[in-house]
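Structure record follows, encoded as structure tokens.
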There are 4 protein chains.
Amino acid sequence: MKTTKLMIKAHPLEPFCDSEKLAAAIAEINICAQACTACADACLGEKNIAELVGCIRSDLDCADICYATGAVLSRLTQPSRELLRSLVQACAVACSVCAAECEKHASMHEHCKLCGAACRSCEKECRNLLEVIR
Amino acid sequence: MKTTKLMIKAHPLEPFCDSEKLAAAIAEINICAQACTACADACLGEKNIAELVGCIRSDLDCADICYATGAVLSRLTQPSRELLRSLVQACAVACSVCAAECEKHASMHEHCKLCGAACRSCEKECRNLLEVIR
Amino acid sequence: MKTTKLMIKAHPLEPFCDSEKLAAAIAEINICAQACTACADACLGEKNIAELVGCIRSDLDCADICYATGAVLSRLTQPSRELLRSLVQACAVACSVCAAECEKHASMHEHCKLCGAACRSCEKECRNLLEVIR
Amino acid sequence: MKTTKLMIKAHPLEPFCDSEKLAAAIAEINICAQACTACADACLGEKNIAELVGCIRSDLDCADICYATGAVLSRLTQPSRELLRSLVQACAVACSVCAAECEKHASMHEHCKLCGAACRSCEKECRNLLEVIR
């Protein structure tokens with residue numbers, strides 16, 4: 001999160017919301033994207049893969065949406081509040097869907113447990129952001 | 001669009017909505033993503049770049065969101081309607097914002113005119129999809 | 001490909017290589033990215049998923065690399081030949097690896113057959129580009 | 001990096017190279033991707049934008065390539081060494097090109113200084129990885 005915070009501070013324009021909350025959200029989104037990519041692949045390596053199909057699918061969706069959301073939130077120049085709100089909303093939904101899938105397998109697979117927790121943290125940060133992007 | 005249609009037909013599961021509309025939406029989303037990436041870069045090459053800052057920014061956002069949306073829509077296995085709806089909604093907003101920016105410069109720059117038209121087609125396909133994903 | 005071609009023509013700067021070959025490469029890369037994303041998901045929906053693990057993995061890699069390569073090739077402003085060559089080389093390798101995986105299952109799954117063909121076309125366009133980016 | 005390390009440890013398969021080096025590389029790649037996205041946007045917000053065109057362009061390329069490389073490196077199932085080597089090589093080149101651009105403006109713009117440093121760290125981690133992926 002250190003570089004992200006410094007980049008926000010070094011930007012010539014003011015962020016569209018509180019800097020600390022923005023940096024925290026970008027950090028959690030990037031952790032979540034990486035965790036989802038890794039969880040999808042870890043599921044591919046499991047013997048009970050047939051039971052993990054829904055988890056892999058929601059991992060891939062969540063990773064794609066988190067990458068896009070993290071990039072859009074990293075831009076402070078001439079932001080559209082409407083776009084930010086609808087994208088962060090979609091990201092929160094993706095995290096919620098993926099967390100629910102991962103949590104089904106959390107007792108059996110540590111990677112699902114970790115990924116579910118990363119999704120819940122990310123969902124929370126997205127919902128925090130929605131409070132401050134107006 | 002040909003390969004996209006054939007891939008939907010070859011999938012072992014039924015799509016979550018009408019195949020023709022889905023293939024058309026994925027095709028327009030991918031055209032829009034490429035046009036936005038190219039328009040952002042064409043703006044970078046223009047002498048009046050200072051006037052095109054808002055256009056570059058919305059091009060980059062729209063490209064990121066279209067890539068993610070195109071990927072998610074290409075998956076037919078265990079879809080979440082709620083996720084699909086919120087993401088396609090965000091994509092329609094991104095296209096609408098970007099189209100409005102591009103249209104400001106359409107009379108001066110052919111790439112903005114083309115990109116604005118691609119965004120409008122994509123926005124329309126996204127709104128068509130929202131009608132059928134329930 | 002139509003919009004891609006028009007966008008290259010509308011760009012204020014000359015492309016770093018022959019326009020026709022560039023537009024053809026970008027088009028094949030985008031078709032390949034979508035086909036790989038769809039094939040990974042179609043494999044997830046198959047009953048013999050355990051035999052398709054290598055195919056899913058190489059589909060996901062190929063899609064990620066194709067999206068990045070398509071975006072980089074869409075930029076004509078101040079290109080780095082060294083970067084372009086190493087990225088297009090990596091894309092050709094990703095397509096070759098993925099095609100080889102898909103071809104193993106082509107007789108059993110139409111989506112693998114279609115995706116393998118898309119990867120081969122894309123690999124060929126990448127190799128054609130490497131001849132002209134100097 | 002904490003979640004990334006734990007995800008590697010929780011994966012059912014052994015990584016294709018030393019875990020510590022892999023986790024460090026993924027972490028630097030993700031920091032670099034975010035920094036490049038933010039630097040491109042910060043450049044868009046500067047008054048001397050016309051002098052920053054090359055920096056914006058290389059930032060965007062580097063971000064795209066880092067996102068793809070970070071995703072591919074997060075997968076441990078049935079890796080292709082040839083693909084990994086050519087992609088990590090392309091990522092090192094992208095970081096080197098972008099660092100050189102950013103360093104030109106480092107004395108004037110703090111965001112370029114920070115981004116140049118992130119690119120150099122990422123380039124170094126990529127070159128470290130190339131030593132161990134054989």
Side-chain angles (χ1 to χ4, degrees), chain A residues 11-13 16 29 33 36-37 40 43 49-101 104 119 123 126-127 130 133, chain B residues 11-13 16 29 33 36-37 40 43 49-101 104 119 123 126-127 130 133:
Chain A
H11 200 291
L13 306 171
F16 49 85
I29 285 167
C36 287
T37 303
C43 290
I49 181 172
E51 297 161 43
L52 297 168
V53 164
C55 193
I56 297 171
R57 195 258 145 94
S58 60
D59 279 334
L60 295 177
D61 283 1
C62 195
D64 285 336
I65 297 169
C66 282
Y67 282 122
T69 307
V72 172
L73 288 173
S74 298
R75 299 183 186 116
L76 311 182
T77 302
Q78 299 188 29
S80 156
R81 258 81 177 170
E82 191 194 357
L83 186 162
L84 285 167
R85 288 186 61 81
S86 62
L87 181 61
V88 173
Q89 173 63 29
C91 193
V93 172
C95 290
S96 169
V97 168
C98 192
E101 272 299 328
K104 288 184 201 169
C119 289
E123 182 190 0
C126 287
R127 299 210 188 278
L130 287 171
I133 306 172
Chain B
H11 200 291
L13 307 172
F16 48 85
I29 285 168
C36 286
T37 302
C43 290
I49 180 173
E51 296 161 43
L52 298 168
V53 165
C55 192
I56 297 171
R57 194 257 145 94
S58 60
D59 278 335
L60 296 177
D61 282 2
C62 195
D64 285 336
I65 298 170
C66 282
Y67 281 122
T69 307
V72 171
L73 287 173
S74 298
R75 299 185 184 114
L76 310 182
T77 302
Q78 299 188 29
S80 157
R81 258 81 178 168
E82 191 195 357
L83 187 162
L84 285 168
R85 289 186 61 81
S86 61
L87 182 60
V88 173
Q89 172 64 28
C91 193
V93 172
C95 290
S96 167
V97 168
C98 192
E101 273 298 328
K104 289 184 201 170
C119 289
E123 182 189 1
C126 287
R127 299 210 187 280
L130 287 170
I133 305 173

Asp61(A), Val53(A), Ile56(A): which one forms the most heavy-atom pairs within less than 4.5 Å of chain B? Asp61(A)

Tell me, for [X] versus chain A, whether the close heavy atoms (under 4.5 Å) come from the side chain, the backbone, both or neither.
X	value
Leu76(B)	backbone
Val72(B)	both
Leu60(B)	both

Any side-chain heavy atom of Pro79(A) within less than 4.5 Å of one from Arg57(B)? yes

Could you give me the CA-CA distance, side-chain angles and deciding distance for Ile65(B) and Leu83(A), then say whether side chain to side chain contact (heavy atoms under 4.5 Å, CB included) is met? CA-CA 10 Å; Ile65(B) 298 170; Leu83(A) 186 162; 3.7 Å; yes

Looking at every non-hydrogen atom in both residues, tell me the closest pair between Asp64(B) and Ala71(A) and how far apart they are.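 The answer is OD2-CB, 3.4 Å.
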
Shortest non-hydrogen pair, Ala90(A) vs Ala90(B), comes out as CB-CB, 4.5 Å

CD of Gln89(B) to CD of Gln89(A), rounded to nearest 0.5 Å, is 10.0 Å

